[in-house]
There are 2 protein chains.
Amino acid sequence: MRKDTSTNALNEKFINDTCGMGRALNIVGGRWKPAILYKLYRTTMRYGELKKSIDGISERMLVAQLRELEEDKVIERIVYPEVPPRVEYRLTDLGRTMGPMLEAMSNWGDLHREKTGDQTKGSSND
Amino acid sequence: MRKDTSTNALNEKFINDTCGMGRALNIVGGRWKPAILYKLYRTTMRYGELKKSIDGISERMLVAQLRELEEDKVIERIVYPEVPPRVEYRLTDLGRTMGPMLEAMSNWGDLHREKTGDQTKGSSND
DNA sequence: CAGCATCCGGTTTGATACTG
DNA sequence: CAGTATCAAACCGGATGCTG
């Protein structure tokens with residue numbers, strides 16, 4: 001057990017920030033958001049690249065999720081007024097502040113996989 | 001019950017497999033999961049207590065989410081073989097390792113709220 | 001008390017076809 | 001290339017009633 005201030009402070013944070021947590025979840029927690037963010041966190045990508053790299057996603061969903069992330073100010077949409085249309089997506093500065101959170105999530109996900117001996121390994125039909 | 005054969009489920013599985021992040025999201029990312037987890041993060045609780053403390057949740061959902069969390073090994077279900085049935089729920093050790101992640105999410109949600117100057121702040125305390 | 005079964009409506013998603 | 005439009009299916013969650 002930790003000091004009251006420690007554990008309590010942490011708990012208190014959860015209490016006061018259940019919404020903050022919900023907000024975070026709302027932004028990164030869509031069905032395709034993780035995949036999109038995962039890609040964009042590494043590099044800027046074009047619409048078509050994203051579509052190809054995220055296997056199974058439909059245009060409808062890709063656009064929808066992209067728009068949401070854009071609205072949440074975590075990604076940026078850059079349109080190049082060229083003859084063959086070109087649109088690039090990349091994280092905003094705010095988007096980059098997700099780093100620690102995403103890492104924490106990723107780490108815990110890995111830990112959880114270890115501890116539970118994961119079953120959902122990529123052997124799913126696809 | 002959800003059909004594993006549906007395209008939907010397949011895609012979801014794929015996402016969860018993409019990285020630990022998806023896995024983490026899948027576990028804490030339900031509609032009521034945050035609320036349940038934050039309650040149980042503080043203390044062990046009985047089914048009825050949870051139901052009462054989480055305002056608005058239906059039995060159907062509470063049980064469903066509880067079962068999922070249990071299956072994910074982050075919470076524990078303890079049944080007391082007493083005449084008036086008594087069932088308690090509490091975090092497992094693995095569940096407690098979520099602390100840093102939950103905090104990171106909470107923090108970022110907070111930061112995001114500041115940066116975007118949003119309004120969603122209806123923290124309903126106990 | 002704890003929890004499951006069933007029905008039902010609203011929302012999300014996927015597939016497909018079409019446009020600038 | 002980068003989307004938009006539309007329809008139907010799947011899913012989610014709520015309300016209600018029933019059981020041990």
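Residue numbers begin at 1 in each chain, while the letters A, B, ... track the order of the sequences. None of the values given here were measured: they were computed from a predicted structure.
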| message | Enumerate the ring pair (Phe, Tyr, Trp, His ring centres under 6.0 Å) contacts for residues 47-99 of chain A, please, sequence neighbours excluded, ordered by first and then second residue. | response | none
Rounded to the nearest Å, what distance is computed from the [atom1] atom of residue [X] to the [atom2] atom of nucleotide [N]?
X	N	atom1	atom2	result
A:Glu82	C:dG20	CD	C1'	16 Å
B:Arg77	C:dC1	CZ	P	16 Å
B:Ile54	C:dA2	CD1	P	14 Å
B:Lys52	C:dG3	NZ	P	14 Å
A:Glu49	D:dC1	CD	C1'	12 Å
B:Leu50	C:dC1	CG	P	14 Å
A:Ile57	D:dA2	CD1	C1'	14 Å
A:Tyr47	D:dC1	OH	P	11 Å

| Below 4.0 angstrom, N of the basic side chain to O of the carboxylate: do B:Asp93 and B:Arg96 qualify? | no
| message | Heavy atoms only, 4.0 Å cut-off, all strands: where does A:Tyr80 land among base, sugar-phosphate and nothing? | response | nothing
Quick one: does [X]'s side chain get under 4.5 Å of [Y]'s, heavy atoms only?
X	Y	value
A:Leu69	A:Leu40	no
A:Met105	B:Leu25	yes
A:Arg23	A:Ile27	yes

| request: Check each residue of residues 59-67 of chain B for a non-hydrogen atom within less than 4.0 Å of any atom in DNA chain C, then write out the ones that pass by number, or none. | output: B:Glu59, B:Arg60, B:Val63, B:Arg67
| field | For A:Val83, all residues meeting side-chain contact (heavy atoms from CB on, under 4.5 Å), sequence neighbours excluded | value | none
